[in-house]
Structure formats: structure tokens, C-alpha cells
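Throughout, protein chains are lettered first and strands after them, A, B, ... in sequence-line order, and every chain is numbered starting at 1. It should be emphasised that the depicted structure is a prediction, and the values quoted were computed from it without experimental measurement. Computation of the quantities below employed the complete heavy-atom set of this structure, encompassing side-chain atoms and omitting hydrogens, waters and symmetry-equivalent molecules.
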Amino acid sequence: MTTMDLVKNFGGEPANFLDVGGGARHETVCGAMELILADPKVKAILVNIFGGITRGDEVAAGLIEARAQQSREVPMVVRIVGTNAAEAARLLEEAKFETAASLDEAAEKAVAMAKGAAR
Amino acid sequence: MSILVGRETRLVVQGITGREGEFHTRAAIAYGTKVVAGTRPGKGGQTAIDGTVPIFDTVAEAVKQAGANTSVIYIPASGAPDAILEAIDAGIKTIVCITEGIPALDMIPVVEAARRAGARLIGPNCPGVTSPGQAKVGIIPASIHKPGRVGVVSRSGTLTYEAVQAMTDAGLGQSTCVGIGGDPIIGTTFLDVLKLFRDDPETDAIVMIGEIGGSAEEEAAAFAAEHLKGVPMAAFIAGRTAPPGRRMGHAGAIISGGSGTAAEKIAALKAAGVRVAESPTQLPRLLLEAGYRA
């Protein structure tokens with residue numbers, strides 16, 4: 001919900017909001033990406049995870065799996081911190097994902113991506 | 001001192017053999033929390049966590065034989081209300097329920113049972129409680145904490161982490177961080193935790209993270225205006241852009257009948273003299289503006 005608030009702060013407009021829930025596994029994340037991509041209004045994707053019970057590496061694995069299967073290209077920025085964040089960072093770097101360290105930075109990047117894609 | 005959990009905590013983990021129970025018990029032990037027992041009916045007499053933690057069939061045995069005084073619950077929603085009642089019956093006075101998805105109707109008699117027994121229930125659907133440098137009960141990542149004198153209380157798990165990380169990055173340590181949970185029926189409210197922080201000699205400032213839905217933030221604001229006058233306080237309210245009538249991630253996060261909006265909550269807090277942040281990253285700066293010095 002705060003992710004949405006910050007997207008607005010940076011001048012963007014959230015197309016939708018999906019909370020993967022605590023403890024999401026990679027298949028949950030993969031399914032979530034499929035749902036979001038099915039919305040034609042989506043011009044950019046911001047993934048923000050501060051894992052407590054959710055493990056960052058599970059989310060990263062889900063994102064990588066989703067990208068291999070996805071039907072259309074949408075720019076994406078990923079911020080994963082908290083539980084197993086280091087493992088997540090390694091997976092995302094190997095797979096060449098665009099990442100951000102803070103939520104503010106991630107929101108700013110996502111808004112810029114959406115504006116770039118809209119042009 | 002700190003509140004709710006600390007060096008005196010002797011923890012029993014209900015559901016220690018489950019995936020989450022085991023993972024987070026390891027993290028708690030690594031942080032220095034005294035985990036004295038686990039429970040799993042049918043596995044009494046065995047051990048968990050590489051033979052280091054005895055398993056009992058019941059919480060009552062964990063209290064009697066291992067001296068447990070605090071419990072944390074990692075049990076699926078179908079069994080969690082009974083697990084809380086079992087802890088209450090065993091005489092545990094601090095019970096932290098992490099479980100998400102317990103029906104609100106099931107929680108009503110459980111919260112009442114805790115109140116009558118004089119037990120403090122935190123949650124459900126919460127990340128738990130950490131007193132940095134002393135004890136970690138629940139799922140808040142250990143790496144984000146720094147011991148200090150700011151009390152943090154939040155309805156949201158993730159936002160607790162955001163706020164605590166921002167504080168630690170700014171060099172502001174925490175006395176205790178409490179996630180009270182995002183459900184409509186919870187054991188401990190903002191108001192309860194603010195009272196505990198007020199009475200804690202080791203808490204000098206307070207950060208509060210609220211969100212849309214209900215009126216707990218307004219009640220907290222009224223309390224702050226009256227009883228926390230000299231205490232530097234900063235808050236963040238999530239959901240300024242949330243559409244009315246839609247549930248936003250948490251069962252309790254919903255603007256219903258036009259009330260429970262972020263704007264109302266922000267206005268109530270500001271009127272009470274609490275500084276309100278636009279983003280969790282601003283919280284440390286607002287605390288300093290309110291006169292707090294670490």
C-alpha cells in the first residue's frame with residue numbers, strides 16, 4: 001500500500017496493487033506476475049519486498065521463472081531486502097534485473113520507466 | 001528494560017517443527033533469544049533445532065518443565081485460536097501470534113479470554129516483537145535492528161521493517177519494536193503499546209506506523225495529545241492513495257462508509273502534535289525535528 005503511495009509521490013499512477021502475502025513461494029510470485037501482465041494498462045512493474053517471513057530468494061526465483069514465460073516485455077524494477085536478501089541480490093544480478101536499494105529509489109525508477117514506455 | 005520481551009524472556013515456540021517455526025526459531029536463537037522449549041503434539045520427548053530445544057506435547061509441560069514465560073505461535077489459521085487458548089490456560093502472560101488468516105469471528109472470544117486471564121496477546125497476523133540486543137520473538141529480520149531508545153509500533157509487518165531500517169541507517173537505535181498486526185480483531189492496540197512505552201524508562205521517543213481502516217490511530221492520537229506531551233513522536237500512515245471500499249493487503253485495511261481514511265488519521269495525529277511523514281524514510285528526520293537526540 002505504501003508502495004502505491006510512493007509511486008503517486010513521484011508523479012506516477014498505480015495501475016493496480018497486488019500483495020503477494022507473507023511467506024510467498026516462488027510459484028505464488030510467478031502467478032502474481034502473470035496476473036499483473038494480463039492488465040494492458042501496466043506500463044512498468046515495481047516489485048517491492050521487505051521480507052520477514054517472506055524469503056527474498058524465493059521471490060527472486062519466482063521473478064526469474066516468470067520472466068522466462070511472460071508473453072510481453074514490460075520494464076521492471078525490483079527491490080528485495082530483509083530475509084535472505086543477499087541470496088536474492090545474487091540471483092537478480094546473475095539474471096540482469098534492474099534493482100533498487102530503497103523504496104523511494106524503486107518508485108522513482110518505476111515511474112520513469114512507465115513514462116518512457118508510454119512515449 | 002524495554003517492553004514485552006527482553007533478557008528475562010524464556011520462549012516456547014508453538015509449532016516448532018513446521019517450516020516457518022523451525023526457520024524463525026533458528027534466527028531467534030542466533031539473535032540471542034532464550035528459546036527454552038517447543039511444542040508439537042505427538043512429538044513430546046523429542047528435540048528440535050539440532051537437538052538443542054526440547055519438544056513437549058503441551059504448553060503446560062513447557063511451562064512446568066522448561067520454565068517458559070512467553071510463547072510465539074507458528075501454527076496455521078485453523079489451529080491458531082486453540083493454540084492461543086492453550087497458552088493462556090498454561091499461564092503464559094505474553095503470547096505472540098504470527099499466523100495470518102484467522103477469521104475475525106474466531107478471534108473475538110480468544111481476545112476476550114486473554115483479557116480475562118491478564119495475558120498480553122500480540123497479533124495475530126503480526127511480525128512479532130524485538131527488543132534489540134536482547135530478544136527477538138517473531139519474524140522481524142534481525143539485521144535491521146540497532147539497540148537504542150526509540151520505541152516503534154506498527155500495524156504492518158513490512159512497514160515495521162522499513163521504519164526500523166530507516167532509523168538504524170540514521171543511527172537511531174530502538175528500545176522495542178512491536179508489530180501489532182493487520183487484522184481487525186487483535187490482542188494489543190496502538191493505545192496499549194503507547195501506554196507501555198510511556199511507562200518504560202528506556203524509551204525516550206516513539207515511532208508509530210498506521211494504515212487505513214478502523215480508528216486505532218485516532219485513539220492513539222488522543223492519548224498522545226494528553227499523556228505523551230514531552231515525548232518526541234513521528235508517524236507514518238499508509239494508504240493515502242487507497243480507493244474506498246477495497247481491502248488493501250490486510251484484513252483490517254479498508255476504508256468503509258467513508259471513515260478510516262488516511263487523511264482523517266493524519267489530521268488527528270497532526271492535531272495531537274505528532275509529526276507525520278510522507279515516506280517511512282523521513283521518520284528519523286522528523287524525530288530529530290521533534291527534539292529527539294540519540
Given a strict heavy-atom distance threshold of 4.5 Å, which part of [X] is in contact with chain A: side chain, backbone, both, or neither?
X: B:Ile98; answer: side chain
X: B:Ala262; answer: neither
X: B:Ile144; answer: side chain
X: B:Glu100; answer: side chain

Pair B:Met167, B:Leu287 - check side chain to side chain contact (heavy atoms under 4.5 Å, CB included), show working.
CA-CA 10 Å; B:Met167 305 291 293; B:Leu287 266 194; 3.5 Å; yes
Can you find a side-chain donor-acceptor pair between [X] and [Y] that sits under 3.5 Å?
X: B:Thr176; Y: B:Ser131; result: yes
X: B:Glu162; Y: B:Ser279; result: no
X: B:Thr261; Y: B:Glu264; result: yes

Return the minimal non-hydrogen interatomic distance between A:Thr2 and B:Ala238, and the atom names on each side.
OG1-CB, 3.3 Å
Could you tell me which portion of [X] (side chain, backbone, both or neither) has an atom closer than 4.5 angstrom to a non-hydrogen atom of chain B?
X: A:Leu6; value: side chain
X: A:Asp5; value: both
X: A:Leu18; value: neither

For each of A:Met4, A:Lys8, A:Arg55, tally heavy-atom pairs with chain B at distances under 4.5 Å, and name the one with the top tally.
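Of the options given, most contacts go to A:Arg55.
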Decide yes or no on side-chain hydrogen bond (donor to acceptor under 3.5 Å, both in side chains) for B:Gln174 and B:Thr168, but give the supporting numbers first.
CA-CA 8 Å; B:Gln174 309 90 43; B:Thr168 295; 3.0 Å; yes
